[in-house]
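Here is the structure we will look at.
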Amino acid sequence: MPLPDLDGEARRIAVLGAGSWGTTFAKVLADAGSDVMLWARRREVAQEITESHRNSDYLPGINLPRTLRAHDSLEKVLDGADQVYLSVPSQSLRTNLHSIRDIVPPHVPVVSLMKGVERGTGLRMSEVIRSELGIEDDRIAVISGPNLALEIAKREPTAAVVSSVSAETARQVAGAATNEYFRSFVNSDVIGTEFGGVLKNLIAVAVGIADGVGYGENTKASIITRGLVELTHFAVAFGARPETMSGLAGLGDLIATCESPLSRNNTAGRLLGQGYAFTEVIAQMNQTAEGLASVGPILELAGQRGVSMPIVSQVAQVLDGTLDPRELAPHLATDSDEPQGE
């Protein structure tokens, strides 16, 4: 049954972005009982979702709920929405927000499903939302966790965390995003939740590179473990709570993204490890691998706070062609040859 809003009617939710993650999360929300309208940039995608209950470009073989509809008109999708979810490429978020700033319903939560930082500014997605829409932090929430789209679309049990400075906003969003196969927890550490989602992508690229080269489980486990240290140091330097990095948005997301062939960032790294150039990897990827776009901005931010990120630095060198992928592993743990404490 549809979940009621305060007036006893079904909660009306708008999701912007009909890629694999946007469509999957729209399915999660619809399966939780909400009336969901999904915005698709291409009209033919919107029509397929509404009429055939499929999105064959991004979720082949997945049947979508009949309560999930789509349209290519932003005005139609946003009209009357009680919550707005954003799932567009991080580097185009500001442009998309500029298009909707005058039609986003007032006073409703705006939720980021994205995992990236903006090139040029280094802003997290919640910061871009706040600055472009001109809304207060207590209306903004972010969602992160070990959330591989295809597995969730198949209704495999998983969990995520909803983070907002407002406990009430987090509660409302988590309530809408909880069903029999998807459970949403809450926290108030927006910085840690967002940076966990960004940084694990970069470590996943490194693991993919090692996999593509042909290295085994020891190498990959070492990258994951030292990567967790690296991302924790970075996030804490920017005000995150260290315990967040041991939770769903940190370690949980890191494991799923590094280990699964469904991970776009792992796939991109594997192609790099197999010898493909950066431009060739981009050409082969049907969807955005956010980690590739975030390497530069993250290293710039790390430099500002004096945070050492040897793994991410090695990934950057592979991306720009100055490091052979086979040489990544010997440098994965430290910037120094001197023995160091773990």
Side-chain angles (χ1 to χ4, degrees), residues 1-5 9-90 92-93 96 99-100 103-105 108 111-115 143 145 147-158 160 173 176-184 260-264 267 283-290:
M1 291 291 292
L3 292 174
D5 63 17
E9 297 180 354
R11 183 190 287 113
R12 172 84 162 78
I13 294 181
V15 179
L16 307 190
S20 61
W21 184 223
T23 304
T24 294
F25 213 83
K27 182 181 187 295
V28 167
L29 295 163
D31 284 341
S34 292
D35 178 12
V36 183
M37 179 71 81
L38 179 62
W39 175 71
R41 181 175 53 83
R42 291 184 288 142
R43 177 168 296 181
E44 61 271 22
V45 173
Q47 289 177 333
E48 183 188 23
I49 292 170
T50 300
E51 297 171 5
S52 303
H53 310 294
R54 291 289 187 99
N55 186 344
S56 55
D57 282 352
Y58 295 105
L59 290 177
I62 299 297
N63 292 319
L64 301 175
R66 293 187 177 275
T67 52
L68 170 58
R69 296 166 294 147
H71 207 281
D72 64 338
S73 166
L74 286 166
E75 291 82 0
K76 185 173 181 62
V77 169
L78 289 166
D79 184 37
D82 298 308
Q83 296 180 5
V84 176
Y85 291 69
L86 303 170
S87 184
V88 297
S90 60
S92 65
L93 174 61
N96 281 282
S99 301
I100 66 171
I103 56 175
V104 173
V108 305
V111 186
S112 169
L113 299 174
M114 299 158 293
K115 299 176 179 179
I143 294 179
N147 300 150
L148 297 163
L150 186 58
E151 290 184 3
I152 297 171
K154 293 177 177 179
R155 302 171 65 92
E156 296 182 11
T158 193
V173 172
T178 295
N179 60 39
E180 62 184 6
Y181 61 88
F182 193 93
R183 171 73 182 273
S184 290
S260 175
L262 296 175
S263 163
R264 296 191 292 269
T267 299
Q284 288 199 41
M285 300 288 290
N286 184 40
Q287 302 179 61
T288 304
E290 295 283 12

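Bear in mind the structure is a predicted one, so any value in this text is a computation, not a measurement.
- When all heavy atoms of Asp72 and Arg43 are compared, the closest pair comes out as OD2-NE, 2.9 Å.
- In this structure, CG on Asp82 lies 7.5 Å from CZ on Arg11, to the nearest 0.5 angstrom.
- Side-chain atoms of Arg12 and Asp35, non-hydrogen and from C-beta on, do get closer than 4.5 Å to each other.
- Heavy-atom minimum distance, Ser87 versus Met114: CA-CG, 4.2 Å.
- Considering only heavy atoms from C-beta on, Ile62 comes within 4.5 Å of Lys27 through its side chain.
- One finds the CH2 atom of Trp21 at 10.0 Å from the CZ atom of Arg264 (value rounded to the nearest 0.5 Å).
- A donor-acceptor pair is defined here as one N or O able to donate and one able to accept, closer than 3.5 Å; no such pair exists between the side chain of Ser34 and the backbone of Val36.
- Side chain of Asn179 to backbone of Val28: a donor-acceptor contact under 3.5 angstrom is found.
- Pairing each heavy atom of Ala81 with each of Val108, the nearest pair is O-CG1, 3.4 Å.
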Could you walk me through whether Lys154 and Glu156 pass the salt bridge (Lys or Arg N to Asp or Glu O under 4.0 Å) check? CA-CA 6 Å; Lys154 293 177 177 179; Glu156 296 182 11; 5.3 Å; no
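- Rounded to the nearest 0.5 angstrom, His71 NE2 and Asp79 CG are separated by 11.5 Å.
- Looking only at side-chain heavy atoms (C-beta outward), Ile143 and Tyr85 come within less than 4.5 Å of each other.
- Under a 3.5 Å cut-off, the side chain of Thr50 and the backbone N or O of Ala70 do form a donor-acceptor pair.
- Contact annotation: the side chain of Asp57 never approaches that of Glu48 to less than 4.5 Å [non-hydrogen atoms, C-beta and beyond].
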Could you go through the side chain to side chain donor-acceptor pair (under 3.5 Å) check for Glu151 and Thr158 one step at a time? CA-CA 9 Å; Glu151 290 184 3; Thr158 193; over 6 Å; no
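- Contact between Ala176 and Gln83 at its shortest, heavy atoms only, is CB-OE1, 3.6 Å.
- Looking at heavy atoms from C-beta onward, Tyr181 lies in side-chain contact with Ile152 at the 4.5 angstrom threshold.
- Of all non-hydrogen atoms in Ala26 and Leu38, the two that sit nearest each other are CB-CD1, 4.2 Å.
- If you take OG1 on Thr24 and CG on Leu64, they are separated by 8.5 Å, rounding to the nearest 0.5 Å.
- With Val111 as reference, Val173 is the one residue of Val173, Val84, Leu86 to meet the side-chain contact (heavy atoms from CB on, under 4.5 Å) rule.
- Residues meeting the side chain to side chain contact (heavy atoms under 4.5 Å, CB included) test with Ala177, sequence neighbours left out: Phe25, Leu29, Ser184.
- Using a 4.5 Å heavy-atom threshold, the side chains of Ser263 and Leu148 count as touching.
- Judged purely by atom type and a 3.5 angstrom limit, Arg183 has no side-chain atom pairing as donor or acceptor with the backbone of Pro157.
- Counting heavy atoms from C-beta outward, Trp39 and Leu78 have side chains that stay 4.5 Å or more apart.
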Asn63 vs His53, side chain to side chain contact (heavy atoms under 4.5 Å, CB included): CA-CA, chis, key distance, verdict: CA-CA 6 Å; Asn63 292 319; His53 310 294; 5.9 Å; no
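- A side-chain donor-acceptor contact under 3.5 Å links Thr23 to the backbone of Ala18.
- Here the closest non-hydrogen pair linking Asn55 and Gly19 is ND2-O, 4.4 Å.
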